[in-house]
Amino acid sequence: MLEITDLAGGYGHGPVIHGVDLRVERGETVALLGPNGAGKSTLLAALSGVLPMRSGSVRVDGRELIDQPSHEIVRHGMVQVPEGRRMFAPLSVRDNLRLGAVRLAARSGAGGGERERFDFVYTLFPRLAERRTQLTGTLSGGEQQMVAIGRALMSRPRVLLLDEPFLGLAPLVVEEIRSALDALRASGLTMVLVEQKLDIALPFTQRAYVLVKGRVALTEPSERLAQRPHLSQLYFDLAKEPAA
Ligand SMILES: Nc1ncnc2c1ncn2[C@@H]1O[C@H](COP(=O)(O)OP(=O)(O)O)[C@@H](O)[C@H]1O
Ligand SMILES: [Mg+2]
């Protein structure tokens with residue numbers, strides 16, 4: 001479904017990520033782990049087409065996207081929920097969601113289906129239905145994260161890239177968002193979960209990639225990785241190993 005080969009990229013002062021190979025099968029949920037500053041968000045930016053410098057290959061369902069503009073990548077079904085949510089605070093929940101559907105309209109001539117997407121998002125996050133006319137800037141952090149995920153879902157993605165969706169949220173709302181993501185996984189949606197915390201990401205995913213200093217330092221089934229000893233030192237230990 002998603003096939004990344006020898007991906008490199010950065011912001012203009014030299015590459016931040018180097019030679020990344022990563023595959024995600026259809027319906028799979030994969031964790032992209034690593035310490036702060038490892039290059040996880042940079043990797044997602046390269047996938048979404050918003051990174052100034054990038055090279056290598058990014059294929060979704062066989063189609064090469066490395067040199068495509070970001071709207072074309074969205075059109076092809078790969079959508080990102082950015083770190084820190086980035087929402088339009090003075091817009092209502094409904095209008096923020098509708099911005100996601102603008103991309104839907106730009107996709108295939110399949111008649112939009114905006115109403116159906118609103119229903120889908122409001123069923124997944126009933127709180128957003130209650131607050132549909134409220135300004136997004138007045139919502140709690142957790143509710144804003146729901147809007148960010150909902151907005152990405154409005155374009156009916158085939159691959160959803162989530163950048164630390166639980167960051168800074170209270171445990172109860174983390175549970176709420178996690179169960180929504182569980183429902184999405186059960187529906188067969190392909191997902192990449194970027195996360196720093198192993199204890200959040202490993203139970204939720206099938207396989208994990210660990211990024212250290214811009215390189216994939218480890219790939220392993222999440223269940224096996226979770227059983228490794230000294231897990232709290234994993235990033236530290238991987239950073240000590242010479243690059244392969
Ligand atoms: N907009 C930017 N411009 C220049 N450098 C950046 C930018 N964003 C991140 N970086 C640098 O890229 C490296 C990786 O950062 P990032 O991808 O945000 O890591 P992570 O998401 O894993 O915490 C860091 O050294 C960071 O300083
Ligand atoms: Mg990041």
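Counting starts at 1 for both ligands and their atoms, in listed order.
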Task: Any Glu164 heavy atom less than 4.0 Å from ligand 1 - done: no
Open item on the list: Just to check, does Pro35 reach to within less than 4.0 Å of ligand 1 when the distance is taken from its heavy atoms?
Closed with: yes
Let me check something: any side-chain donor-acceptor pairs from residues 190-200 under 3.5 Å, sequence neighbours excluded? List them with distances.
| from | atom 1 | to | atom 2 | distance (Å) |
| --- | --- | --- | --- | --- |
| Thr190 | OG1 | Gly27 | N | 2.8 |
| Glu195 | OE2 | Lys197 | N | 3.2 |

Look at [atom] and say which protein heavy atom is nearest, naming residue and atom and giving the distance to 0.1 Å.
atom	result
atom 13 (C) of ligand 1	Val16 CG1, 3.5 Å
atom 6 (C) of ligand 1	Tyr11 CE1, 3.2 Å
atom 19 (O) of ligand 1	Gly39 N, 3.1 Å
atom 14 (C) of ligand 1	Gly37 O, 3.4 Å
atom 18 (O) of ligand 1	Ser41 CB, 3.8 Å
atom 17 (O) of ligand 1	Thr42 OG1, 2.5 Å

- [ ] State whether Phe120 and Arg117 meet the cation-pi test: NZ (Lys) or CZ (Arg) under 6.0 Å from the six-membered ring centroid, and within 45° of the perpendicular axis.
- [x] yes
Open item on the list: Taking the six-membered ring of Phe118 as reference, does the cationic atom of Arg94 (NZ for Lys, CZ for Arg) lie under 6.0 Å from its centre and within 45° of its axis?
Closed with: no
Open item on the list: Below 4.0 Å, non-hydrogen atoms only: which portion of Gln196 touches ligand 1? Side chain, backbone, both or neither.
Closed with: neither
Task: Name of whichever N/O/S atom of Glu83 is nearest to the Mg ion (ligand 2) - done: OE1
TODO: Return each pair, listed once, that meets ring-ring contact (aromatic ring centres under 6.0 Å, His included) where at least one residue sits in residues 187-230; pairs must be two or more places apart or across chains.
DONE: none
Task: 4.0 Å protein heavy-atom contact status of atom 26 (C) of ligand 1, strictly under - done: no
- [ ] Provide the closest heavy-atom pair for Thr133 versus Ser92 in the form atom of the first, atom of the second, distance.
- [x] O-CB, 3.8 Å
TODO: Look at the N, O or S atoms of Ser41, main chain and side chain alike, and state whether any lies under 2.8 Å from the Mg ion (ligand 2).
DONE: yes
Task: Residue that, paired with Val121, satisfies side-chain contact (heavy atoms from CB on, under 4.5 Å) out of Leu97, Val93, Ile149 - done: Leu97
